[in-house]
Colleague: 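Sharing a structure below in structure tokens format, with a few things to ask.
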Amino acid sequence: MRPAVDQVALATLRTVPELPEVESVRRQLAPELTGRRVVEVWWDPHPHARISGLEQAAGQVIRSVGRRGKFLLCPLDGPGFAGGIGASGARDAGLELVLHLGMTGALRLVDATEPTGAHERVGFDLDDGRRLAFNDPRRFGRASVVVAGRYLPDIPTLAVLGPEPLSPDFDPERFAAQLARTRAPVKARLLDQRLVAGVGNIYADESLWRARIHPASRRVGRSRALALHAAVRDVLAAAVEREGTTFRDYQLVNGASGRYLSELDVYGRGGLECRRCTATLRRIVLAQRGTTYCPSCQRI
DNA sequence: CCTGGTGCCTGGGTGC
DNA sequence: TGCACCCAGGCACCAG
């Protein structure tokens, strides 16, 4: 057993998990889950639960814990796995566990004897006597087992997910060209996951503020697009560095909070002073999302 | 294809 | 103290 981690909330997020929060959860889970065998799986029978294929996880070994955008990706190895070279000589198409925390999802490692939590939607009993519990009050999260890399039809967003913002795949010129091609508000483009993966409401507002771009802008020229590209990278990198944003009781394994909250410049600061120009930050609704920006230094 | 609008879901907050 | 709203928002889905 691992008493230092048992019973600890790995991610009781009040903040909606975006890339930095999911990456922080991934880093906590990876050493705990890698090499563990899933003994048994239980899941929520609710008709609207976004769950598929989980019966296939039983007996599988978790090979690693990865991430793409806001998705956690765990490649699985079957009981007889011996290197992945099948009779045909081609690499076997193994299975993959895909988790998305949605708005309120949280993952915990608990003792397997602990009763199912009130909002527990999925439980993976592991071969070390613990259970990976997926707690998700609003059922906006997702849990699926698919053939590795085959994300259609179950997970269409993952199938068309844009580049990882903190990798070289996120190319500034390509980003600028794609942004120039359509006329939706720039914030909507940041949120839709195809231009760049992992940006949600908080870090969209933060990035736009940093790049001095009005969230409702429908035309973003090359130089501003390049500034936005850099801002997205800088904001996400800084938030990962601080293990995400905690509003309430999101806790790390050691009990610490995500420390990006004090770094937020606009999100949650409507009516307060802009830290750059002292104008009053304004809160509007854009793309059906609460949006905060500085009317003085973010111009259309 | 592109875009905007609606529904899903429920804990927590507000106003009466 | 109780009750009826109403909001938060990632994503699926649909209509124009």
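Chain identifiers are assigned alphabetically (A, B, ...) following the order of the sequence lines, protein sequences preceding nucleic acid strands; residue numbering begins at 1 within each chain. As the structure is a prediction and not an experimental result, all values here were calculated from the model.
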Colleague: For B:dG11, take OP1 and OP2 only and decide whether either is under 4.0 Å from a side-chain N or O of A:His119.
Modeller: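 Yes, within the criterion.
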Colleague: Assign each of A:Arg138 and A:Arg142 to its nearest nucleotide of DNA chain C by heavy atoms, then name whichever residue's nucleotide is nearer the 5' end.
Modeller: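 Mapping each residue to its closest nucleotide by heavy atoms, the 5'-most match is A:Arg138.
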Colleague: For DNA chain B, find the residues of residues 181-190 of chain A with a heavy-atom distance under 4.0 Å and give them by number; none if there aren't any.
Modeller: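 Of all residues in residues 181-190 of chain A, the ones placing a heavy atom under 4.0 Å from DNA chain B are A:Thr182, A:Arg183, A:Ala184, A:Pro185.
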Colleague: To the nearest angstrom, how far is A:Gln288 atom CD from B:dG7 atom P?
Modeller: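 It is 12 Å, rounded to the nearest whole Å.
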Colleague: For residues 180-187 of chain A, dump all side-chain donor-acceptor pairs below 3.5 Å to protein atoms at least two apart in sequence or in another chain.
Modeller:
unit_1, atom_1, unit_2, atom_2, d
A:Thr182, OG1, A:Arg189, NH1, 2.3
A:Arg183, NH1, A:Ala180, O, 3.3
A:Lys187, NZ, A:Asn201, OD1, 2.6
A:Lys187, NZ, A:Asp205, OD1, 2.8
A:Lys187, NZ, A:Gly290, O, 3.2
A:Lys187, NZ, A:Thr291, OG1, 2.8

Colleague: Show me the dot-bracket string of DNA chain B, counting Watson-Crick or G-U pairs under 3.5 Å, with | for pairs to another strand and [ ] for crossing ones.
Modeller: .|||||||||||||||
Colleague: Could you measure the distance from the CG atom of A:Leu33 to the CG atom of A:Leu109? Nearest 0.5 Å is fine.
Modeller: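 With rounding to 0.5 Å, CG (A:Leu33) is 5.5 Å from CG (A:Leu109).
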Colleague: Mind checking A:Arg139 for me? I need base, sugar-phosphate or nothing, with any heavy atom below 4.0 Å counting as a touch.
Modeller: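 Contact class for A:Arg139: sugar-phosphate only.
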Colleague: Return the set of residues passing side-chain contact (heavy atoms from CB on, under 4.5 Å) with A:Glu164 (not counting sequence neighbours), or none when no residue passes.
Modeller: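 Listed in chain order: A:Leu19, A:Arg67, A:Arg68, A:Ser167, A:Ala197.
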Colleague: Could you list the residues that satisfy salt bridge (charged side-chain N to carboxylate O under 4.0 Å, His left out) with A:Arg222, not counting sequence neighbours?
Modeller: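 With neighbours one apart ignored, the set is A:Glu173.
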Colleague: So, OP1 or OP2 of C:dG10: does either fall under 4.0 Å of a side-chain N or O from A:Arg289?
Modeller: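 Affirmative; the distance criterion is met.
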Colleague: What's A:Gly141 touching, base or sugar-phosphate or nothing? Going by heavy atoms closer than 4.0 Å.
Modeller: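 Since no nucleic acid heavy atom lies under 4.0 Å of A:Gly141, the category is nothing.
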Colleague: My understanding is that only residues two or more places apart in sequence, or in another chain, count here; which of them pass ring-ring contact (aromatic ring centres under 6.0 Å, His included) with A:Phe71?
Modeller: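 If we apply the ring-ring contact (aromatic ring centres under 6.0 Å, His included) test to A:Phe71, skipping adjacent residues, the hits are A:His100.
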Colleague: Which residues satisfy the side-chain hydrogen bond (donor to acceptor under 3.5 Å, both in side chains) test with A:Arg27, sequence neighbours excluded?
Modeller: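 Partners of A:Arg27 by the side-chain hydrogen bond (donor to acceptor under 3.5 Å, both in side chains) criterion, ordered by chain and then number, come out as A:Glu23.
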Colleague: Can you figure out which of C:dC11, B:dG4, C:dA8 approaches the side chain of A:Tyr267 most closely?
Modeller: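 Among C:dC11, B:dG4, C:dA8, the one nearest the side chain of A:Tyr267 is C:dA8.
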Colleague: Going by side-chain contact (heavy atoms from CB on, under 4.5 Å), name the residues that satisfy it together with A:Glu18, two or more places apart in sequence or in a different chain.
Modeller: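 Residues passing side-chain contact (heavy atoms from CB on, under 4.5 Å) with A:Glu18: A:Pro20, A:Glu21, A:Ile202, A:Tyr203.
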Colleague: Rounded to whole Å, how long is the line connecting atom CZ of A:Arg194 with atom P of C:dA12?
Modeller: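 Value for this atom pair: 11 Å.
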Colleague: Which residues within residues 143-164 of chain A lie with some heavy atom under 4.0 Å of an atom in DNA chain B?
Modeller: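 When residues 143-164 of chain A is checked for heavy atoms under 4.0 Å from DNA chain B, there are no hits whatsoever.
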Colleague: Excluding sequence neighbours, so at least two apart, what forms salt bridge (charged side-chain N to carboxylate O under 4.0 Å, His left out) with A:Asp234?
Modeller: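 A:Asp234 satisfies salt bridge (charged side-chain N to carboxylate O under 4.0 Å, His left out) with no other residue.
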Colleague: Not counting sequence neighbours, which residues clear side-chain contact (heavy atoms from CB on, under 4.5 Å) with A:Ser64? List them please.
Modeller: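 If we apply the side-chain contact (heavy atoms from CB on, under 4.5 Å) test to A:Ser64, skipping adjacent residues, the hits are A:Pro75.
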Colleague: Apply salt bridge (charged side-chain N to carboxylate O under 4.0 Å, His left out) to A:Arg174 and list each qualifying residue two or more places apart in sequence or on a separate chain.
Modeller: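 Applying salt bridge (charged side-chain N to carboxylate O under 4.0 Å, His left out) to A:Arg174 gives none.
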Colleague: Distance alone, cut at 3.5 Å: any donor-acceptor contact between the side chains of A:Glu96 and A:Tyr151?
Modeller: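 Yes, because at least one side-chain N or O of A:Glu96 sits under 3.5 Å from a partner of the opposite role on A:Tyr151.
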Colleague: Compare side-chain N and O positions of A:His100 against OP1 and OP2 of C:dG10 and report whether any pair is under 4.0 Å apart.
Modeller: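 Negative; the distance criterion is not met.
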Colleague: Base, sugar-phosphate, or nothing for A:Gln193, non-hydrogen atoms under 4.0 angstrom?
Modeller: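 The answer is sugar-phosphate, as A:Gln193 gets under 4.0 Å only of primed atoms, P, OP1 or OP2.
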Colleague: Round to the nearest Å and state the distance from A:Gln178 atom CD to B:dC2 atom C1'.
Modeller: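 Interatomic distance, CD of A:Gln178 to C1' of B:dC2: 14 Å.
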Colleague: side-chain contact (heavy atoms from CB on, under 4.5 Å) with A:Leu158: which of A:Leu152, A:Val98, A:Val146?
Modeller: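 In the set A:Leu152, A:Val98, A:Val146, the residue that makes a side-chain contact (heavy atoms from CB on, under 4.5 Å) with A:Leu158 is A:Val98.
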Colleague: Rounded to whole Å, how long is the line connecting atom CE of A:Met103 with atom C1' of C:dC11?
Modeller: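 Atom CE in A:Met103 sits about 11 Å away from atom C1' in C:dC11.
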